[in-house]
Every structure is written in C-alpha cells, then in structure tokens.
Amino acid sequence: MTVTPGIVWQYLEAINASDTATAFMYRNPSLIAGDPPAVTMPAGYVLHTSALAIGSASNVIDFTASCPAGSSVFTVASNFAELENGMPVICSTPGLIQGGVQILGLAEPGGSDIVLGGGYGPWGYNVNPWIYKMPADQALTTATTLQAIDEYPYGTLGVTVSPSTGVTVADQNMDGGDVAPDPTPGNGTAMSNSGGQAMGWFTVTFASAGSYTVTVAYTPVNNVLLNPDDPVYGTATSTLSVTVV
C-alpha cells in the first residue's frame, strides 16, 4: 500500500533584503500538514520558509526473516524490497528480539540479508554503531513476524514558482541526489536533511509585483546509500499563494 505523505510548511516570513524588517510571519509549531495561508508581501522583500514531508508511525511493514542462534545476519524471506536503513524493527513475539534495534545495513542490490543494531547515522554513515546478535541458544525462524516502522518519508523536496520569470529560489540544504551530501547553496530542486528525510529551508525572491504560486513537491528518495526508492510513501505536493504588491 502506498501512503501519501503530508507536506508541512513550518514557517513563512517576508523579510526585507537587509534583514531588518518583517512584513509577514506565519508559524506552524504543531506541524499541521496542508496548504498554508496566502501571503501578501511588499516588493523588495524575500520570502523565507521551511517545509517538510511528514509521515506516520502507523506505517508498518510486516516481514519475515531467519537468523541462526548467535548470528547477526538476518535473511529476509518476505518484503525485503520495502525495507530501508534506519527503520526501527519490532518483533511480534515479546522478548525474542532486543527492543530498540533498527536496520543498520541491507545486502543490495539482489541480496536478502539485513543487519540490526543501533547508531545508524546520516546517509549511511554510522556513528558508534553496535550490531545485534541472536542469543547463543535462540534462533529466529520465518514463523515469526517482524515489523519495520517507516515513520519518515525519505526523499527530497523541490520548489517551483509560477510564473517563474524574474524569480530566484535558493536553499542551504543537503544534496538529495545519488552523491554524497553537499551542503553548498542550491536552487531548491532537491532539498533534504543529512539523514535523507525530505525537509528543507529555502528563500524565494520576486523581481516584480504580481500574483505567484509556490509549489513544494515531495519525491521519494533515489540514493544508492539507501534503498532505490521509498515504496511506502508516494509523491505529494502543496501550494502557497503569494501576492507581491
């Protein structure tokens, strides 16, 4: 089942070029998804905003795996393609799998093994990781269901503005493409944080007065350090109406 994530606009501000005056301010501390209120701002001001794709802890992926006693290699028998690094894993049988474990690694492409543990870091980098092993006297069989929680939509946010003539979009986020993170300024087309989640801060500058539509679109991740895509979450968009006077 594919779930459509929500798009959250965390805040909107219209600030003059010298950062000394604010003409419009909107805050969304409860992270309510949906289109934000329309903005009316003076010409010469810059629109500052932060947005993210939001998921749900109720998005649970059932899978089965086997692991010999004393081993740290879990061979997945079902739904391997839906698993991703960083996902927390729980077990339907209490006490069989240690609580608080997450997926640290997947044997891909073409594999079926995963490693569980903790300390998963951004974009595949591990920070003080630890590897979980089955107890020496206990094996896991595919008769037991495991569940991976896909709470966060991994991917990128892209910003488009219509009409686009004289409009400049800029961001200071991580590169969400197939390469290592690149924190250099971007143009708002592929925003994500260092953990691969679709969120970003960006600015929009309008060269002239008029009516504009700012669209933020979520695209599932396509990064070799994670799975080829995020199969649980589908694409999503949200729009903001801006009037520059």
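Residue numbers run from 1 in the order of the sequence given.
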Residue pair W9 / T49, side-chain donor-acceptor N/O under 3.5 Å
no
Using 0.5 Å steps for rounding, measure from the CD1 atom of I15 to the CE atom of M41.
9.5 Å
Exercise: identify the closest heavy-atom pair between T142 and T64
O-CG2, 3.6 Å
With heavy-atom distances below 4.5 Å as the criterion, would you say the side chains of T203 and L47 are in contact?
no
If you look at every heavy atom in C67 and V73, which pair is closest and at what distance?
SG-O, 3.3 Å
Is the backbone N or O of S58 less than 3.5 Å from a side-chain atom of S56, with the two atoms forming a donor-acceptor pair by type?
yes
If every non-hydrogen atom of V89 is compared with every non-hydrogen atom of F63, which pair is closest and at what distance?
CG1-CZ, 4.1 Å
Shortest non-hydrogen contact from G55 to P153?
N-CD, 3.6 Å
Without swapping roles, check the side chain of S66 against the backbone of L140 for a donor-acceptor pair under 3.5 Å.
no
At their closest point, which heavy atom of T4 faces which heavy atom of T235, and how far apart are they?
CG2-O, 3.9 Å
L83 and I61, any side-chain heavy atoms less than 4.5 Å apart
yes
State whether a side-chain donor-acceptor pair under 3.5 Å links T75 with D113.
yes
Would you say M87 and M199 are hydrophobically clustered, going by side-chain heavy atoms of ILVMFWY under 4.5 Å?
no
Looking at the rings of F206 and Y212, which for Trp means the six-membered one, are their centres under 6.0 Å apart?
yes
Stepwise side chain to side chain contact (heavy atoms under 4.5 Å, CB included) test for L104 and I131
CA-CA 8 Å; L104 292 186; I131 305 298; 3.5 Å; yes
Mind checking whether V242 and T213 have side chains closer than 4.5 Å, heavy atoms only?
no
For a side chain to side chain contact (heavy atoms under 4.5 Å, CB included) check, start with the C-alpha distance between I103 and L116, then their side-chain angles and the critical distance, and finish with the verdict.
CA-CA 5 Å; I103 299 175; L116 304 180; 4.0 Å; yes
Using 0.5 Å steps for rounding, measure from the CD atom of E13 to the CG atom of D19.
9.5 Å
Just wondering, do T144 and C91 contact through their side chains at under 4.5 Å, heavy atoms?
yes
Can you name the nearest heavy-atom pair linking A139 to M134, along with the distance?
C-CE, 3.8 Å
Show, in sequence, the C-alpha distance, side-chain angles and deciding distance for Y45 and V244, and conclude whether the side chain to side chain contact (heavy atoms under 4.5 Å, CB included) test is met.
CA-CA 9 Å; Y45 278 57; V244 180; over 6 Å; no
Can any side-chain N or O of Y26 pair as donor or acceptor with the backbone N or O of A38 at less than 3.5 Å?
no
Are W130 and I114 connected in a single hydrophobic cluster, I mean Ile/Leu/Val/Met/Phe/Trp/Tyr linked by side-chain heavy atoms less than 4.5 Å apart?
yes
Would a hydrophobic clustering, with Ile, Leu, Val, Met, Phe, Trp and Tyr connected at side-chain separations under 4.5 Å, put W201 with M191?
no
Point-to-point distance, once rounded to the nearest 0.5 Å, from CG of D171 to OG1 of T189:
7.5 Å
Please round to the nearest 0.5 Å and tell me the distance separating atom OH of Y218 and atom CG of L157.
8.5 Å
Within this structure, what is the CD-CZ distance for the pair Q10 and R27, rounded to the nearest 0.5 Å?
10.0 Å
Output yes when a side-chain donor or acceptor of D35 lies under 3.5 Å from a complementary backbone atom of L240, and no otherwise.
no
Validation row: P36, N28 side chains within 4.5 angstrom (heavy atoms)
no
If you measure from CD1 on I7 to CG on L52, what distance do you get to the nearest 0.5 Å?
8.0 Å
Decide whether Y233 and D150 meet the rule of one side-chain donor and one side-chain acceptor closer than 3.5 Å.
no
Begin with the C-alpha distance, continue with both residues' side-chain angles, and end with the deciding distance and a verdict on side chain to side chain contact (heavy atoms under 4.5 Å, CB included) for N59 and I149.
CA-CA 6 Å; N59 292 326; I149 302 172; over 6 Å; no
Please check this pair: side chain of N79 against backbone of D62, looking for a donor-acceptor N/O pair closer than 3.5 Å.
yes
Applying a strict under-4.5 Å side-chain criterion to I, L, V, M, F, W and Y, I'd like to know whether F74 and L96 cluster together.
yes
Transitively linked via ILVMFWY side-chain contacts under 4.5 Å: L146 with Y132?
yes
